Amino acid sequence: MMDKSSSKRPARLGSFRAKFILVVGGAVLFDLLVSGGLALWNVQRLSRDATLEVGQGLEAASQEYIRTYADSTAAQVSLLLRQVHNDVGTLAGVLQAQIDDPERNSDVGAAIARTSPGSVSLSYDQKANWSQNAPGSASVVSVWGYLLGQDHQPRPDVQSDIQTSAVLDLVAPSLLQRGASKLQMYYIGSKERPIFRTAPYTDQAQTFDRLYPGHNEANFWDFFFPGLYESWQGWAKDMKTRPVADDITQTAPYTDAITGKLIVSFFHPLWTADRKDVAGTAGADITLDQLAQTVENVKVAQSGFGFLAMSDGNVVAINSTGEKTLGLRSASDASGTGVTGLERSLKGSSQPAIAKLALDREQGIQRLLLQQEGNQVPYIFIVKKLPATNLWLSGPVRQEAMSLGVVVPEREIEASLYAAQAKISEATNRIVLYQILAILMSLLIVTIAVFAASKRITGGISALADAAKRIQAKDYSVRVAISSKDEVGEAGEAFNRMAEQISYHTENLEQLVEERTAQIEDAKEEISTLNAQLQRENRRLGTELAVAERIQLMVLPLHQELEEFQALEIAAYMRPAEEVGGDYYDVLKSGNRLKIGIGDVTGHGLESGVLMLMVQSVARALQEAGNTDAVKFLTDLNSALFKNIVRTKIDKHLTLAFLDYDGKEMILSGQHEEVVVVRANGEVERIDTMDLGIPIGLEADISAFIKTREIAFETGDLILLHTDGITEAENDAGELFGIERLCREALRLKDQSAEKVVAGIIATLMLFIGSQKIYDDITLLAVRHR
């Protein structure tokens, strides 16, 4: 019966499906979260990097823009000033040429007096005590009262200057119309004759009287420009004393007496023909508006502005917005003497950051916080110094380098940065939103896929589990229906085959048990029969071994036989390694002759014991037959044994040696272990038998190999015969007993009876062997001459 119900069951907590959903879904969810998190992190990082790069780029571009703007504005101001310098220099060049050529100067003056009498004809103002030409001329010339004679006419030298200075009418109108925009150009005479000729024509002296009371009573230079003339006189003596290597001297801004405008004057001193003194000056005025216009035209971003400041911080040009932003306070000093000054210093600013601003050196981009409506607003500042010039403010001329400043609100110059950052942030947020939506959509798809896959994958496993439980409940008819072709499908097929086999074997189990029981009973009966046969065979073999052992012991010499010899004391010991041993020893007596034999059959066991009995029987027969020749005795014994060995196919042989004693001589023959002779005096003699024969049973005729050796055997001497079971016995350490130890034991026991010698040596040997197994037969004979 196929089981499909399990695949339709919902996943319960702890089920394989729930674990599958938890593990697979968790792994996929973790992967999605990690990959999604990494993507979001990368987007955020990319946004930060882009914002940083854009910000750095825009900031660098903005700063470069401000620097360029400041440089170009400074260049414009410098260009304006250079144009004024050029115009003043041109006028000064004309006037200086006239001074250097007095004759031509007089001719030009006379010619102008004829052609333009209005330029040189002056009228005396009795009330004001000065003379001035009438309007209509190109220029106005004023002669102060202290330059007039008692007739109220200019002194002759002054009149000469009036005529020669009329050359201004030829040059100044043209210069005023071209070049830099100038308010007026003029000539001022030397300190001795400080007439004042100005183009265009204005009410010059009248204005001075109104604005500068008392000026007509004092020298012009000392009243309006104290110290300036003396500075030029110093230059005449040493041009190196000029603060700047240029004759142009610039005044600080002041209020023009005629126009009432803030102006800046540019003087070019005129020198005497010998260049040793000052001969007056050529000059030009420009309104501060001209400078201010250039500076005030600065427009950076929306409210950025520029300013022009003296090195002492006095701002000479700035627009109203900038004046308010920088917190400047304007003040005009109309009191005292000299020109009217302008005081609008940065040091007096209401902004603390501006008051601390230093203008003595160029500085790069600065960021200052300015107070605006109670808030700290960041501004970007850059200050650019203009070329240095000679400045008269009061007293001696000094060096001056004005500074051009550009100020712009940071929020305006970086408006593009903020806009770019906003765009990047907007794009980033949009990408992050899309990424989150993509992750959520992926999670939804993965969740559905995991549930679907878990249902398909775990359905088969659940069916197998339910079927296994039914098998456990002994319902062997259960089968599973798994349609998949994967490993689960193969497991289902294997389960069905297993269920069929279990069902088959269960149905045939009793029959199989009966068959196996019958087979086991048959096997037990066969084993019992074989055990009985084995027991009988063991008993038979044991009987045969016992008989053989008995026969072997029976043929050994009896104790009373060994005591029959009056001249000799004989004792013997033999222990086979198994039931039947392969060692041989015998003592044969024939008349007065005594023959003592010892041998060792290769190996041990029944065949070795049979061969030993053959040797004993043949030796007894030969002895009884009266064979007294030792060589012939061994030759005949070997011949008989060789034939029996061939017949019985026993693959064995033996070493065999005999001692023949006739009461006087002791003859040794045959090959065996060394014969040990312990003399009565304690000397030990070892006799090698290798040259006295060969092993018995190897060859049919060994007569050629048999030799004899006579052994001196005196009273008290002791002869030991032994087999290799003694010398090759091993102890627990694997050490051999050895011939030397045997000799030492024989020497130790030499004064005791033969029986005690044998017993003592055997006791020492057994103690030496200890618990070690005896692998070979042990035989020892002791023969002592009484």
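From a predicted model like this one, the values you see are computed outputs, not experimental measurements.
- Residues Ile286 and Leu183 are not in side-chain contact: their nearest non-hydrogen atoms beyond the backbone lie 4.5 Å or more apart.
- The minimum heavy-atom distance linking Leu464 with Ala491 is given by the pair CD1-CB, 3.8 Å.
- No more than 12 heavy atoms of other residues, nucleotides or ligands shown are found within 6.0 angstrom of CD on Gln472.
- Pairing each heavy atom of Ala39 with each of Gln435, the nearest pair is CB-NE2, 3.5 Å.
- No donor-acceptor distance shorter than 3.5 angstrom exists from the side chain of Asn390 to the backbone of Gln399, with no hydrogens or angles considered.
- Side chain of Asn731 to backbone of Leu736: no donor-acceptor contact under 3.5 angstrom is found.
- A pairwise comparison of heavy atoms in Ser403 and Val383 identifies CB-CG1, 3.8 Å as the closest pair.
- Residues Asp285 and Lys182 are not paired through a salt bridge, judged by the lack of any N-O separation under 4.0 Å between the basic side chain and the carboxylate.
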Criterion side chain to side chain contact (heavy atoms under 4.5 Å, CB included) on Met402 and Leu81, from CA distance to verdict | CA-CA 11 Å; Met402 291 190 294; Leu81 297 178; 4.1 Å; yes

Would you sort out whether Gln366 and Ile382 count as a side chain to side chain contact (heavy atoms under 4.5 Å, CB included), showing the intermediate values?
-> CA-CA 6 Å; Gln366 301 181 67; Ile382 184 170; over 6 Å; no

Tell me, with the steps shown, if Glu500 and Arg479 meet side chain to side chain contact (heavy atoms under 4.5 Å, CB included).
-> CA-CA 9 Å; Glu500 290 177 358; Arg479 300 291 185 272; 3.2 Å; yes

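- When all heavy atoms of Phe768 and Glu735 are compared, the closest pair comes out as CZ-O, 3.2 Å.
- With rounding to the nearest 0.5 Å, the separation of CD in Glu53 from CD1 in Ile424 is 10.0 Å.
- Although no hydrogens or angles enter the test, the distance criterion places a donor-acceptor pair under 3.5 Å between the side chain of Asn86 and the main chain of Arg82.
- Looking only at distances, a side-chain donor or acceptor of Thr251 sits under 3.5 Å from a matching main-chain atom of Ser265.
- Summarising the local packing, CG of Asp651 is surrounded by 12 or fewer heavy atoms from other residues, nucleotides or ligands at distances under 6.0 Å.
- Looking at heavy atoms from C-beta onward, Glu410 lies out of side-chain contact with Val377 at the 4.5 angstrom threshold.
- Although no hydrogens or angles enter the test, the distance criterion places no donor-acceptor pair under 3.5 Å between the side chain of Asp475 and the main chain of Ile471.
- Between Arg67 atom CZ and Lys384 atom NZ the span is 10.5 Å, to the nearest 0.5 Å.
- Counting heavy atoms from C-beta outward, Glu521 and Glu525 have side chains that stay 4.5 Å or more apart.
- Atoms CD and CG, on Gln351 and Leu346 in that order, are 11.5 Å from each other to the nearest 0.5 Å.
- Leu386 and Ala401 get closest at one heavy-atom pair: O-CB, 3.8 Å.
- Around the CD atom of Glu526, the shell of radius 6.0 Å holds no more than 12 heavy atoms that belong to other residues, nucleotides or ligands.
- The backbone N or O of Tyr69 sits less than 3.5 Å from a side-chain atom of Ser72, completing a donor-acceptor pair.
- By the 4.5 Å heavy-atom criterion applied to side chains, Phe266 and His85 are counted as neighbours.
- Here the side chains of Asn42 and Leu46 are not in contact, with every heavy-atom distance at 4.5 Å or above.
- Counted by atom type alone, Thr389 and Glu400 present zero donor-acceptor pairs between their side chains at under 3.5 Å.
- Here Tyr379 pairs with nothing under the ring pair (Phe, Tyr, Trp, His ring centres under 6.0 Å) rule; sequence neighbours left out.
- Atom CD1 of residue Ile431 and atom CD of residue Glu426 lie 11.0 Å apart, to the nearest 0.5 angstrom.
- Note that the CG atom of Leu326 and the OG1 atom of Thr321 stand 10.5 Å from one another [nearest 0.5 Å].
- Nearest heavy atom pair, residue Leu391 against residue Thr249, reads C-CG2, 4.4 Å.
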Taking it one step at a time, do Ile354 and Phe381 satisfy side chain to side chain contact (heavy atoms under 4.5 Å, CB included)?
-> CA-CA 10 Å; Ile354 298 300; Phe381 266 67; 3.2 Å; yes

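- From Lys385, atom NZ reaches atom CG of Leu404 across 11.5 Å, with rounding to the nearest 0.5 Å.
- In the model, Ser345 has no side-chain atom that pairs as donor or acceptor with a side-chain atom of Asn314 under 3.5 Å.
- Two residues are said to be in side-chain contact when any heavy atoms from C-beta on lie closer than 4.5 Å; Val316 and Phe307 fail this criterion.
- Within the 4.5 Å cutoff, the side chain of Val406 has no heavy atoms near those of the Ile380 side chain.
- For the pair Arg470 and Asp466, the minimum side-chain heavy-atom distance is 4.5 Å or more.
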